[in-house]
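Keep in mind that what you see is a predicted model, and the values were worked out from it rather than measured.
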Amino acid sequence: MEQNSTPELSFEQALSQLQELVKKMESGALPLADSVKAYEQGIKLKAYLEQVLKEAELKIEKINPEN
C-alpha cells in the first residue's frame, strides 16, 4: 500500500494501521522525522475512518429513518 493513500483500505485495515502508528509513536523509538510522517499518515487515516463511519451512519438513517 502506498503511504499516502487510504481509499483501498477496509475500515478494519485502516483502524489497525492507525493503532500501529500510535503504538510506534508512543514508544518513543521513532526518530523525529519518522514521527512527523507517522503523525501525518495518522491524520489521513483518522479522516478516512471518520468518513467511512459517517457514510455508514447515513446509510443506517436511510434504512431506519425514525431514529
Side-chain angles (χ1 to χ4, degrees):
M1 184 196 103
E2 210 175 286
Q3 190 79 6
N4 293 330
S5 62
T6 54
E8 70 277 1
L9 294 176
S10 70
F11 179 87
E12 292 79 8
Q13 291 169 323
L15 182 59
S16 177
Q17 283 189 12
L18 182 58
Q19 290 170 332
E20 282 301 312
L21 286 172
V22 170
K23 281 183 196 176
K24 287 178 184 177
M25 291 187 326
E26 287 180 341
S27 76
L30 291 176
L32 180 60
D34 290 343
S35 290
V36 171
K37 287 179 185 176
Y39 182 80
E40 290 171 343
Q41 183 63 15
I43 294 297
K44 290 175 186 175
L45 287 166
K46 178 184 172 283
Y48 173 70
L49 290 166
E50 288 175 340
Q51 175 189 350
V52 171
L53 287 172
K54 184 66 176 173
E55 289 172 3
E57 182 181 6
L58 291 172
K59 286 179 184 177
I60 290 169
E61 287 175 2
K62 285 181 183 179
I63 294 169
N64 195 9
E66 67 267 359
N67 287 335

Salt bridge (Lys or Arg N to Asp or Glu O under 4.0 Å) contacts touching residues 22-31 (sequence neighbours left out): Glu20-Lys23
Side-chain cluster (under 4.5 Å, hydrophobic types only) that Val36 belongs to, other residues: Leu32
Shortest non-hydrogen contact between Ser35 and Leu30, atoms and distance: OG-CB, 3.4 Å
Atom pair CD/CG of Gln13 and Leu45 - distance to nearest 0.5 Å: 11.0 Å
Joint cluster assignment, Leu18 & Leu53, ILVMFWY side-chain distance < 4.5 Å: yes
Distance-minimising heavy-atom pair for Gln17 and Gln41: OE1-NE2, 4.5 Å
Worked check of salt bridge (Lys or Arg N to Asp or Glu O under 4.0 Å) between Glu50 and Lys46: CA-CA 6 Å; Glu50 288 175 340; Lys46 178 184 172 283; 2.8 Å; yes
Exceeds 12 heavy-atom contacts within 6.0 angstrom, atom OH of Tyr39: no
Donor + acceptor pair across side chains of Gln51, Glu55 (<3.5 Å): yes
Atom pair CD (Glu12) and CG (Leu49), whose distance is rounded to the nearest 0.5 Å: 9.5 Å
Rounded distance (nearest 0.5 Å) linking atom CG of Leu21 with atom CD1 of Ile43: 10.5 Å
Closest approach of Ser10 to Tyr48 (non-hydrogen atoms, all atoms of both residues): O-CE2, 4.3 Å
